[in-house]
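Comments concern the structure below.
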Amino acid sequence: MPDELTAYASKPYSYARWVEEDLNGVRQPGATGFHKIPRPEQADAAKAIATAFHHGKRGFLLADEPGVGKTGSAILGAKAALKLGGGDTVLITVDRPAQITIAAWRDALAAFGDGGYRLLIISPDQLKKLLGRNGQPKYSFSLIINDEAQQFRHLTAQRTQYQRRINRLSASPEKAPFVITVTATPGHHPGEYTYLSSLFAQLHDDPPGEWADLGKKLVEHGLPLAPGWDKGKWDWNDQAKGSQRLQHQAVTRVRKWMTESDPPVMMHRDAPWGPPPIDGLPLDFTATQWAAYHQDWSEFRSAMRIARQGNDTARGRAALMRFRQKAGMLRAPQTAELVAAHVERGYQVLVAVELVTTAADPVANLLEEHGIGVSRIFGGGDLETERIRFQRGHNPVVVFNTASAINLQASELIVDGSRASSARRIGFFHQPRYSGITARQTMGRAHRDGQVCSWSLLFAAGTVEEQAARIMINRLMVTSASVDGDLGGFGNLARLFDADWLPESIFE
């Protein structure tokens with residue numbers, strides 16, 4: 001290829017490379033990079049995956065705590081299974097943003113080796129390309145790795161429908177690819193583990209079709225679920241909604257189906273360096289802030305110079321969102337001040353947000369006005385370059401809304417063999433999230449690979465943010481319990497929000 005065209009060359013394991021190789025009939029070399037030596041826990045996970053494959057199981061759930069090394073474990077396990085089974089093609093589905101996640105998996109394959117197998121890394125937005133005009137898969141993969149599989153929990157989502165066909169979940173085990181499911185956060189309740197339905201069917205010696213409506217089947221098994229507000233969705237029933245103990249019992253029962261199988265089809269290991277410490281930092285609004293918080297949305301938008309976008313009404317759920325937007329924007333100066341103080345103390349600071357216009361942009365702009373460099377991992381732009389600038393220490397702060405599949409920890413081993421800065425990381429949730437999955441994934445961005453990163457949850461007391469914070473911590477604890485995760489880091493938040501089923505030991 002001429003030098004002036006190399007910028008347009010297909011990259012290893014990309015869909016473009018896959019099509020190119022099919023057209024030319026020539027395999028091209030995989031990615032190369034600094035070699036990583038697997039850790040003992042990664043080798044143990046690979047053995048467990050290969051054992052499940054050898055015994056005819058149709059899949060394996062790898063649910064280690066964020067940062068324990070699931071990516072490397074999945075790669076090693078896939079190679080071990082392929083060596084046993086004789087297949088040679090692997091599909092890896094990743095989460096968004098693909099600009100970062102595909103590159104991260106490519107680097108991991110370079111570090112651990114691709115075994116000479118033919119691999120395809122694809123984003124959920126590209127899954128449709130793997131289906132023919134009849135809606136059926138165009139390729140038969142020997143093995144599939146679904147990273148951050150919780151993104152496939154909603155049956156009505158197009159990416160879930162595509163994924164189910166590609167994984168051949170309606171087929172019998174011997175006619176389906178072996179699937180390594182990778183997630184530390186399977187769902188907020190067992191009714192969301194839809195991507196595991198065929199594995200559950202196999203564990204109960206049932207045809208896959210009987211478990212296609214997972215929630216209905218779980219109710220038949222006595223789990224406290226009820227139909228949700230949308231087709232195919234389920235939620236806790238009224239009794240379970242009021243009892244975290246019932247929720248804990250339910251997720252424990254489903255988990256044991258997998259861990260007590262012979263051989264087990266699930267593995268979870270807590271981070272050896274402990275859970276991420278997290279506490280709550282409620283903020284009291286001033287009289288002026290309260291007045292702005294209760295201001296009509298159109299007046300608030302005008303005063304804060306927020307551009308009108310789409311359906312700009314403030315009724316029902318939209319009203320809750322408007323109040324969250326107001327609270328986040330009004331607190332931006334306090335968050336920026338708190339972050340700046342920690343930068344002065346030598347920390348590199350992570351600021352997690354959900355909304356852009358009323359949270360990410362104001363916080364980042366205020367910090368930059370004070371001469372503090374900020375990496376912006378939200379919106380458009382070159383997100384990987386932004387990440388590397390933070391990791392190298394060129395920017396002491398990162399403001400981000402990407403909850404999974406990116407590394408922001410101290411001393412990260414980068415693909416070229418160099419290390420990220422060793423400055424201690426500290427994180428702030430500028431906005432509470434309704435999702436416990438997102439919260440747990442977010443904390444794992446810097447609390448990983450032996451590096452400790454403590455977190456604080458910021459919210460305006462007495463506002464809709466306090467309600468969101470309570471929901472977030474409750475769901476965060478249930479999500480952690482679903483994989484038998486360490487709850488020890490939630491002691492401060494449990495006191496703040498009166499959790500009713502946490503073990504007494506976390507209060508000691």
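Throughout, residue positions are numbered sequentially from 1 according to the sequence presented. What you are looking at is a predicted structure, and each value in this text was computed from that prediction instead of being measured.
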Compute the centroid of each ring, for Trp18 and then for Tyr139, and state whether the two points are separated by less than 6.0 Å.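 When the ring centroids of Trp18 and Tyr139 are compared, they turn out to be within the sub-6.0 Å range.
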Within the 4.5 Å heavy-atom criterion, are Gln391 and Leu408 side-chain neighbours or not?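 Heavy-atom side-chain distance check passes, below 4.5 Å.
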With a 4.5 Å limit on heavy-atom distance, are the side chains of Val179 and Arg58 in contact?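 No, too far: nothing below the 4.5 Å cut-off.
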Could you walk me through whether Ser261 and Lys57 pass side-chain contact (heavy atoms from CB on, under 4.5 Å), step by step? CA-CA 10 Å; Ser261 167; Lys57 303 301 183 183; 3.8 Å; yes
Would you call the rings of His447 and Trp273 parallel, tilted or perpendicular if under 30° counts as parallel and over 60° as perpendicular?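 The arrangement is tilted - the two ring planes meet at 30° to 60°.
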Parallel under 30°, tilted from 30 to 60°, perpendicular over 60°: which one fits the rings of Phe429 and Trp455?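 If you compare the ring of Phe429 with that of Trp455, the planes turn out tilted.
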Are Asp125 and Arg96 close enough for a salt bridge, meaning some N to O gap below 4.0 Å?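 Salt bridge flag = yes for Arg96 with Asp125.
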Residues Glu412, Arg448: salt bridge by 4.0 Å N-O rule: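 Salt bridge absent between Glu412 and Arg448.
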Would Lys36 and Asp107 satisfy salt bridge (Lys or Arg N to Asp or Glu O under 4.0 Å), going step by step from the backbone distance to the final call? CA-CA 11 Å; Lys36 286 184 179 179; Asp107 290 348; over 6 Å; no
Is it true that, when you exclude Ile37 itself, more than 12 heavy atoms of the residues, nucleotides or ligands shown sit nearer than 6.0 Å to its CD1?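 Counting other residues, nucleotides and ligands, CD1 of Ile37 stays at 12 neighbours or fewer.
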Derivation of the side-chain contact (heavy atoms from CB on, under 4.5 Å) call for Thr181 and Leu199: CA-CA 11 Å; Thr181 299; Leu199 179 59; over 6 Å; no
Side-chain donor or acceptor of [X] paired with backbone N/O of [Y] under 3.5 Å:
X: Arg445; Y: Ile406; result: yes
X: His55; Y: Thr51; result: yes
X: His35; Y: Ala111; result: yes
X: Gln126; Y: Ser123; result: yes
X: Arg106; Y: Tyr13; result: no
X: Thr438; Y: Ser435; result: no
X: Tyr15; Y: Leu130; result: no
X: Thr101; Y: Asp95; result: yes

Return all side-chain donor-acceptor pairs below 3.5 angstrom for residues 41-48, not counting sequence neighbours, or 'none' if the list is empty.
{"residue": "Glu41", "atom": "OE2", "partner": "Arg39", "partner atom": "NE", "Å": "2.9"}
{"residue": "Gln42", "atom": "OE1", "partner": "Arg39", "partner atom": "N", "Å": "2.9"}
{"residue": "Gln42", "atom": "NE2", "partner": "Gly69", "partner atom": "O", "Å": "3.1"}

With sequence neighbours excluded, what pairs up with Arg269 under the salt bridge (charged side-chain N to carboxylate O under 4.0 Å, His left out) test?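 Arg269: salt bridge (charged side-chain N to carboxylate O under 4.0 Å, His left out) contacts with Asp64.
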Any side-chain donor near an acceptor of the partner, Ser456 and Asp279, under 3.5 Å: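 Note: Ser456 and Asp279 side chains meet the donor-acceptor criterion.
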Have Arg168 and Ser140 got a donor and an acceptor in their side chains that come within less than 3.5 Å?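 Yes - a donor-acceptor pair under 3.5 Å links their side chains.
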For His221, which residues count as a ring-ring contact (aromatic ring centres under 6.0 Å, His included) partner, sequence neighbours excluded?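 Partners of His221 by the ring-ring contact (aromatic ring centres under 6.0 Å, His included) criterion, ordered by chain and then number, come out as His204, Trp211, Trp257.
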Which of these, Leu120, Val90, Leu119, sits in a side chain to side chain contact (heavy atoms under 4.5 Å, CB included) with Phe141?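 The passing option is Leu120.
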